Structures are given as structure tokens and as C-alpha cells.
Amino acid sequence: MKTLFLAWQDPNSRTWFPVGQLTYEDGLYRFSYLQGALDAREQAGFEPILSFPKFDYSYVSSDLFPLFANRLLRPSRPEYKDFIQWLNIPEHQDDPIALLARSGGKRKTDNFEVFPCPEREADGNYHIHFFTHGLRHFPEAEQQHVQTLPPDTPLWLTHDLQNPFDSRALVLRTEDRHQVGYCPRYLAQDLFKLVSSFPEQVKAKVERVNPPPTPLQFRLLCSLTAPWLEGFEPFSSPDYQTISEAPATIGSSA
């Protein structure tokens with residue numbers, strides 16, 4: 001089974017809420033709302049997505065739902081090969097879930113973002129890829145420094161206590177203390193647990209640097225490996241739990 005989460009950002013407070021879960025198993029896609037959607041409704045007026053009109057239903061389809069399919073670049077587009085290279089995904093592994101997991105599926109026309117649920121690797125470790133966030137907020141000199149980083153450059157996680165938007169923000173920096181972006185917000189809670197338990201064994205590094213004119217959101221691809229804690233489950237907080245579901249709605253798409 002492959003699992004992705006859907007997050008929604010309140011346009012007023014800029015707060016992010018996990019609101020949905022997409023899974024793919026045995027040839028079927030399933031979308032369910034999370035408890036975070038109810039929190040978003042209470043705190044920020046979030047309403048059900050038009051194609052998924054009921055919070056307490058599970059939606060099943062043999063085709064990828066348009067909400068997610070529309071976040072993918074079509075293979076027929078001339079820039080598709082470049083896009084796959086930015087993501088560092090082999091062409092024969094470019095299935096929809098892999099592309100959404102690596103790219104984040106962000107669009108300028110809405111406030112949604114997609115991110116993957118890490119799974120335990122064969123070696124028993126936690127492993128995930130991500131693009132650094134917020135690089136556009138860093139000085140031009142730091143953005144230029146990113147372009148000089150070779151693959152496998154070690155990166156360190158630093159707690160940005162003074163971040164006015166997120167007190168749990170984690171900054172990535174190089175050994176010579178250049179800041180190269182933020183860890184995605186959705187990883188912060190779990191990474192705090194892992195770093196607290198294994199401060200010397202959480203290893204982040206540069207996976208790939210994509211040169212301009214690649215958009216900044218795809219400029220620096222990182223990977224992170226850490227021991228998988230006994231009993232650890234990623235995204236296990238209450239807001240990531242699915243809402244009690246009525247019988248599934250099944251169709252070719254939603």
C-alpha cells in the first residue's frame with residue numbers, strides 16, 4: 001500500500017491542516033478525510049472538497065481522482081523529461097503516487113499540498129526525500145550558495161525558535177553554516193522525536209541540486225535517514241487519524 005496525505009492552508013492565518021489521506025492498494029485509489037479536516041472546519045471554516053462532499057465517507061476509484069491527477073504534469077508535455085530529472089525519479093518508476101510524493105503537487109490555483117507517509121526501509125531505517133521549503137525567503141547569497149553544493153553534502157537540522165510563523169520550524173544548514181532552506185513543516189513533529197532519540201544518527205544530505213531556471217521549489221532535493229524507533233509510527237497524532245467512515249463510494253473517479 002502507498003499512502004499520501006493532503007494538507008490545506010488557511011488563506012487568512014496561513015496555518016496548515018492535514019485534511020485527507022489517499023491510498024493506493026490492489027489497483028484501487030481510496031480517499032478519506034482526516035480528523036484534521038474537522039479541526040480545520042472548526043478553526044478556519046474549511047468545507048468539504050466538491051468532489052468529496054461528505055467528511056464521513058470513504059471514496060474509492062480505479063482511476064486517480066481528478067483533484068490529484070490535475071497536479072501531475074502530463075507525460076506528453078515537452079518539459080516532462082526535465083521534470084522527472086528534477087525529482088530524481090527513474091522514468092520507469094514515475095507512477096502517479098511517486099510523482100505526487102516527491103513533487104508535493106502544489107498549484108497556484110488552490111491551497112492544497114500533498115506529502116508522503118514514510119515507510120520502514122528494508123534496512124529498518126526511516127528514509128524520506130524532500131525539497132527544501134522557503135528558499136525564496138532567504139538572501140540571494142544563500143540561494144546562490146545552494147548552486148555550489150555537490151551531491152552527498154551533509155546537512156544539519158537547526159531549530160528556528162524565532163520563526164514568527166512556526167515555532168517548530170527546522171532550518172537546514174551546511175557545515176560552514178550556510179542556511180539552505182526549511183524542512184517541510186509536515187516532517188517537523190516526527191523529526192523532533194527522532195533527533196531527540198538519535199541526535200548523531202539522523203543524517204540529512206543533498207540528493208540533487210537543479211540549476212536555474214528550475215523553480216526554487218524544486219531547486220534543492222534532500223534525503224534524510226534515521227533509525228526507526230521501536231513503536232514509532234509516522235504521523236500518528238490524532239489529526240492524522242481517519243474519520244469514522246460510512247460504506248465506500250465506488251466509481252471510476254470522483
Side-chain angles (χ1 to χ4, degrees), residues 2-9 14-19 21 34-36 39 87-88 98 100-106 113-135 137-138 142 146 149 151-175 177-209 217-241:
K2 299 178 180 180
T3 302
L4 299 177
F5 292 110
L6 180 70
W8 173 78
Q9 185 180 41
R14 311 300 292 171
T15 301
W16 284 90
F17 298 87
V19 296
Q21 180 188 76
L34 302 175
Q35 293 292 334
D39 295 337
L87 303 184
N88 208 29
L100 286 167
R102 190 68 61 88
S103 69
K106 293 188 72 173
E113 184 175 346
V114 178
F115 57 93
C117 182
E119 297 181 357
R120 190 194 297 260
E121 296 288 307
D123 60 6
N125 284 331
Y126 175 105
H127 184 69
I128 195 167
H129 289 85
F130 58 88
F131 285 98
T132 56
H133 285 199
L135 189 57
H137 298 299
F138 287 81
E142 300 290 54
V146 166
L149 301 177
D152 297 325
T153 298
L155 299 172
W156 278 261
L157 301 175
T158 304
H159 188 186
D160 187 5
L161 287 167
Q162 294 180 300
N163 189 310
F165 302 105
D166 187 354
S167 62
R168 297 181 66 87
L170 291 171
V171 178
L172 286 153
R173 66 169 180 82
T174 59
E175 186 175 16
R177 299 190 178 279
H178 285 278
Q179 295 183 340
V180 295
Y182 289 97
C183 272
R185 65 190 66 80
Y186 53 79
L187 292 176
Q189 186 172 3
D190 286 349
L191 290 183
F192 270 110
K193 294 178 187 177
L194 295 171
V195 171
S196 297
S197 300
F198 305 104
E200 302 299 324
Q201 293 174 269
V202 176
K203 304 292 186 181
K205 67 178 183 178
V206 172
E207 187 79 15
R208 177 184 174 91
V209 175
Q217 70 187 83
F218 298 124
R219 192 65 57 86
L220 178 56
L221 178 65
C222 305
S223 64
L224 183 143
T225 304
W228 192 286
L229 285 166
E230 184 67 30
F232 171 74
E233 290 296 333
F235 305 121
S236 58
S237 59
D239 50 344
Y240 282 94
Q241 306 310 305

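In this text, all values refer to a predicted model and were calculated from it rather than measured experimentally.
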Exercise. Which of these, P184, C183, S196, sits in a side chain to side chain contact (heavy atoms under 4.5 Å, CB included) with L191?
Worked result: C183
For this session: Step through it carefully: locate the ring centre of F138, locate the ring centre of Y182, and say whether they are under 6.0 Å apart.
Result: yes
Exercise. Looking at R102 and E207, does any basic side-chain N land under 4.0 Å from a carboxylate oxygen?
Worked result: no
Exercise. Are the side chain of D152 and the backbone N or O of K205 linked by a donor-acceptor pair below 3.5 Å?
Worked result: no
For this session: Search all heavy atoms of L4 against all heavy atoms of P116 and return the closest pair with its distance.
Result: CD2-CA, 3.7 Å
Exercise. Side chains of L221 and L87: does their closest heavy-atom pair fall under 4.5 Å?
Worked result: no
Exercise. Is any side-chain heavy atom of L220 closer than 4.5 Å to a side-chain heavy atom of V209?
Worked result: yes
Exercise. Are any side-chain N or O atoms of E142 and backbone N or O atoms of Q179, one a donor and one an acceptor, separated by less than 3.5 Å?
Worked result: yes
Problem set entry | Residue pairs fulfilling side-chain hydrogen bond (donor to acceptor under 3.5 Å, both in side chains) with at least one residue in residues 231-240, sequence neighbours excluded | S237-D239
Seminar exercise, completed: Output for pair (E121 CD, Y126 OH), nearest 0.5 Å, gives 11.0 Å
Problem set entry | Test item: L187 and F115 side chains (from C-beta on) under 4.5 Å apart, heavy atoms | no
For this session: Measure from the ring center of Y186 to the ring center of F5 and say whether it is less than 6.0 Å.
Result: no
For this session: Report yes or no: does Q9 contribute a side-chain atom to a donor-acceptor pair with the main-chain N or O of W16 at less than 3.5 Å?
Result: no
Problem set entry | Nearest-0.5 Å distance that lies between atom CG in L224 and atom CG in N125 | 10.5 Å
Problem set entry | Nearest-0.5 Å distance, CZ of residue F131 to CZ of residue R219 | 11.0 Å
Problem set entry | Expected output: side-chain R208 to main-chain N88 donor-acceptor under 3.5 Å | no
For this session: Would you mind reporting whether L172 and L157 have side-chain heavy atoms less than 4.5 Å apart?
Result: yes
Seminar exercise, completed: For A226 and V202, the nearest pair of non-hydrogen atoms, with its separation, is CB-CG2, 3.8 Å
For this session: Kindly give the heavy-atom pair with the smallest separation between W156 and T174, and that separation in Å.
Result: CE3-C, 4.0 Å
Problem set entry | Under 3.5 Å side-chain donor-acceptor pair for H127 and T225 | yes
Exercise. CH2/W228 to CG/D123 distance, rounded to the nearest 0.5 angstrom?
Worked result: 11.0 Å
For this session: Measure the CZ-CG distance between F235 and L34 for me, rounded to the nearest 0.5 Å.
Result: 11.0 Å
Exercise. How long is the span from the CG atom in L6 to the CD atom in E113, to the nearest 0.5 Å?
Worked result: 9.5 Å
